[in-house]
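Beneath this line is the structure, given in structure tokens, with notes to follow.
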Amino acid sequence: MSDIVEKTLTALPGLFLQNQSVGGPTAAKASFSSRLGGLVRGITALTSKHEEEKLIQQELNNLKATVSAPTTTLKMMKECMVRLIYCEMLGYDASFGYIHAIKLAQQGNLLEKRVGYLAVSLFLHESHELLLLLVNTVVKDLQSTNLVEVCMALTVVSQIFPREMIPAVLPLIEDKLQHSKEIIRRKAVLALYKFYLIAPNQVQHIHVKFRKALCDRDVGVMAASLHIYFRMIKENSSAYKDLTGSFVTILKQVVGGKLPVDFNYHSVPAPWLQIQLLRILGLLGKDDQRTSELMYDVLDESLRRAELNHNVTYAILFECVHTVYSIYPKSELLEKAAKCIGKFVLSPKINLKYLGLKALTYVIQQDPTLALQHQMTIIECLDHPDPIIKRETLELLYRITNAQNITVIVQKMLEYLQQSKEEYIIVNLVGKIAELAEKYLLVAFGNVLVLNTVDTYAPDNAWFIQTMNAVFSVGGDVMHPDIPNNFLRLLAEGFDDETENHQLRLYAVQSYLTLLDVENVFYPQRFLQVMSWVLGEYSYLLNKETPEEVITKLYKLLMNDSISSETKAWIIAAVTKLTPQAHSSNIVERLIQEFTTSLDTSLRQLAFELKHLHENVKLMKSLLPIDKSCEDMVVDASLSFLDGFVAEELTQGAAPYKPHHQRQEEKLSQEKVLNFEPYGLSFSSSGFTGRQSPAGISLGSDISGNSTETGLKETNGLKLEGIKKLWGKEGYLPKKESKTGDETEAPPVPQESIIMENGDQTVTKKDQSQVLTQSKEEKEKQLLASSLFVGLGSESTINLLGKADTVSHKFRRKSKIKETKSEETTTDQNIICSSFSSSSNVTYEEDYCLDNLQDRGDKELKKFSLSSELLDSESLTELPLVEKISNCRLSTPSLFADNNMEVFHPPQATAASVANEISLASSLLEETSEHIHSDLMEVCNNETISMSSYKIWKDDCLLVVWSVFNKSGLELKSANLEIAPAENFKITEQPECCLPVIEAESTKNFQYSVQMEKPFAEGNLSGFITYQVMDTHSVQLEFSVNLSLLDFIRPLKISTEDFGKLWLSFANDVKQNVKMSESQAALSSTLKALQQELRLHVVDIIGNEGLLACQLLPSFPCLLHFRVHGDILALWFRSSCSTLPDYLLYQCQKVMEGS
Amino acid sequence: SEDTQQQITRETFHLVSKRDENVCNFLEGGLLIGGSDNKLIYRHYATLYFVFCVDSSESELGILDLIQVFVETLDKCFENVCELDLIFHVDKTNMNDIVTQIDAQNKLEQSENVNLPEIPRNIDTGDISIKVPNLLSFKEKI
């Protein structure tokens, strides 16, 4: 059979070729194929769009008649499809033919089927309803004995397939993974890849088969599986670390030319395969020294081999460089990669230059010296005729911005901004400029306060306001709304220094007044809104101009026709704020007169508010105090003065007030009366409402009592049409804290400024010496370079220290939380060495700085600390095992007490570590024995200490304990453990956590309780420990622990009755049918397994139904309902949390597969 | 939808046709093609532009060579391919097939397979649009 198929397969190309070149053998075919030709020719001959429309419309009418005629043969239909595709692609509606395309795919012979599938894949989109009609055809073709039909079906599945129908074809496709033909296997893998992309949960269970595909003897199948792995590793690299070896071996073979010659492209072996592998390795080796070490060799070889001068070798080189910089650094490789980047940047080929800039952009944070090496090229690129190159250069400059070069860089950005018209670019660039301006205004303030250096480049108030003015007038109404909001918040909340605040605000007010004076200029609405707010708040700072003058200006603006009513509202609010300060009120009265008759209701509302306030000046002054935009006002929002009224109404028989959600609930429960779902009968609906209503009765005073608390927080600002809504105190506060932190962080050593001056001198000296030999243009570029790259020399000086260099590398890459801190330090370093690095310069500086550097070096070490983190990948993979063991304990609590000590000897552990762990085990917290906990797991170690961690699943939270064992004979001092704040967790340190001294060969425990703030599937908790050995340098060791949602799931012990009540109150619900294997046939055993593995509570088992309940800490309950139908298990989840049921479903499926 | 599809084609053509010969072959994404993660990579052959739209998971230079392979494949298929071949044989050339064929075979140069009716496929989010000045445009979503 397969022989015949193969023959068909080989004969087919000839057949098609014949059709193509000679035209069909039959007359009908000839006439049809010439019809498409005729159509195309006809269109080409036309002269106007209108004629084209007419012709196509005519054509479509013909086609419509033909396809719906019963006499139309499939062959004719095929031809019609081709013309339909053509019309559709020209942008005309051919939807009447969609159904016929599906029919053709269903009924036709091979060739017709193919055109049918093609038409379907071109016509329909992923969620088109007609696609459901295709499913049956696909299933049929997948089961076909004809290889070609199977291929077509697999192809269309991987192109376009409705997500909800995946289960219908999944088993068939899985079977195809074992097919004897590699082309089928390959297509099956690609179809699964598609499924993975649109519904990752559905293919969770076939990961093992992916592994098989990776090891397939056919290169094509293996390569196809890489697509899946790339995705999966991108999402969670830690789960696939064990495959690193395989990937490295594959890459080695490819690079070594072990593949068939067919795979060569311009004599480069399988370049795209290489690229894919390099990317995967980059993801795997990220922040992981042990994994990275595996790949150093092959990367080195790749770099060496890729020396042919063909485009595609550059593609490989680029990928190599990317990988080298993203994995754990190795200096040799970095050196080579840097050289490669140089090749790219200096290349005359524009594409390579672009990539070079791109590479520099992401390398720059690790190694600013590279930018210095190529500064002249970068300057050239800044004036490059290609705007894409220019933009990439700006992106690069954006990354190297520091306090000294910011004005130049921002200026360059603004220049570019003025030239560009594309909205996307403007939005993007405006955001960056605003971000830089705000960031460095903070830094500048810090500097002014502490350093007081005279620096011509440093940004100041005037610069900031001007830059923001440019941003607002160019970015206008397309920019992100956060920009004006942040700007206003910055102004309003101000800094610690009052005089600075005053100056900044005054300057803003003055500049806006000048801008408003200019005639015939139109500003974007957002800019005007910002202006009116600032004028309204801070006009009192003016000395010369009176509030009346400002009001006059605002009034003039208000009368302008080009202003939107939203902006008008802002302006009226500003006028309202200024009115109590003004002495005469002619204009205000005129305004009131004008707008109390306005057609816009919100404006009229504002005008009336102003009118009534204006009549009571004393109230107005108390309501609109000067410069209090950030302060809260106490308002009796509880409306307690209405209590009497409420009581009176109640006595007269009015229904008590029920809050909105309660009304909703009652409505919902009433609707449930006719509910035929399970548990609908377990309690009557009247009982339900009866339970609720007593609680629902609330008297007026009761409400007011409840809401007083919230009422206090409300500000009067709300009345001013919502301007104040922009200011939540929250959100800014942390920023402010970090700012003050930065200030203390930045140690202003007087020596440093001296050095800086010296640096500057060298710059000028160098410039002077080159003046003679250089053209004027060159000199300009040099000057520009010196201003752009000022402050980037820091890294070269750190290089002198050798070790500290790599440390800071790692530091920056590892802990993002500390980024601001390290940035801050960089800036400090920048201040010292503001010169550009020519080698002579470095040596020059070396003399000057060496002493200082010594000091700094020590400081550096203290700050960053040496880190030799070893992430134990093995222990990570052991995690599920560990959990299993502990879960067993859950089921046999009585045994557990006896076995307590033994559990801590994992069988795989080496003798040394066993000894180690015994001592650790003995020091386990007393608390441990009371609760279920995981095994000790080593997270990192070095020559002096070994760190292990375990989790204790307490009832109310997760306790993570880190045990530090001091292996050395020395005493460790100032040991400190810091956990990085993670976005999903709230981490609280347990008392007595910081231990100043760890004695020799002893163990100390650090205990943290972890609360989940937002449901997530998997998370990572990382941190570092620092300690000092014998008063010498301090050492830093990093570690991380994986947390899964499962760690936060606890049994929820409720009765069946409660279960029924709760069931109805949850809105999120997920259902799934699962096939049970023989061994699980008994419901009770399945439930028991789930109880053990997932810590669920079995509420009740009624016949063939099972009820389970659990809760996600702190308080998300989830209810599970299981029902057995033959060998099908119907799972039904309900929860108050939307993500929880999906996750639990996945976990349950996993457990059931496992058992 | 149909309208945005046509709009993307039009704008892509405007963007690409404006570019000089001596600029780079990459165009960063506008809002229409889905923001900064996506970019257009194009190659210019006589009157034809071959434009791919890819996200950041693709190597830029790699795609450039992929276009080269694609064109070489077309050339083998039609012997001296020209734009008319592509217009008159929409059904046979079937860009989808060819591109995905090449792509899925891990972008190897095995053009003899092109005429096999099977259509292997890698799911790139990409557009190919071939522009014939003035009148014809067609675009396929792969």
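Below, all heavy atoms of this structure are taken into account, side chains as well, without hydrogens, waters or symmetry copies. Because the structure is predicted, anything quoted here is derived from the model rather than measured. Lettering follows sequence order; numbering is per chain, from 1.
Counting heavy-atom pairs under 4.5 Å between each of Arg279(A), Glu319(A), His125(A) and chain B puts Arg279(A) at the top.
Here CD of Glu60(B) is found 5.5 Å from CZ of Phe318(A). Values are rounded to the nearest 0.5 Å. Distance check, rounded to the nearest 0.5 Å: CG of Leu317(A) to CG of Leu61(B) gives 10.0 Å. Atom-to-atom distance recorded for Leu27(B):CG and Arg391(A):CZ is 9.0 Å, nearest 0.5 angstrom.
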- Task: Applying side chain to side chain contact (heavy atoms under 4.5 Å, CB included), run through Ile389(A) and Val23(B) and close with a yes or a no.
- Result: CA-CA 8 Å; Ile389(A) 297 275; Val23(B) 295; over 6 Å; no
- Task: Evaluate the side chain to side chain contact (heavy atoms under 4.5 Å, CB included) criterion for residues Trp272(A) and Val69(B): first the C-alpha distance (whole Å), next the side-chain angles of each, then the deciding distance (0.1 Å), finally the verdict.
- Result: CA-CA 12 Å; Trp272(A) 290 281; Val69(B) 174; 3.7 Å; yes
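The shortest non-hydrogen separation linking Phe26(B) to Leu355(A) is CE1-CG, 4.5 Å. Across Leu64(B) and Asn351(A), no two heavy atoms sit closer than the pair CD1-ND2, 3.4 Å. Across all their heavy atoms, Ala315(A) and Gly62(B) have their closest contact at CB-N, 3.8 Å.
Checked by atom type and distance alone, the side chain of Asp386(A) pairs as donor or acceptor with a backbone atom of Cys24(B) at under 3.5 Å.
Of the atoms belonging to Lys358(A), it is side-chain heavy atoms, and not backbone ones, that fall under 4.5 Å from chain B. Heavy atoms of Glu392(A) lying under 4.5 Å from chain B belong exclusively to its side chain.
Using a 4.5 Å heavy-atom threshold, the side chains of Ile388(A) and Arg19(B) count as touching.
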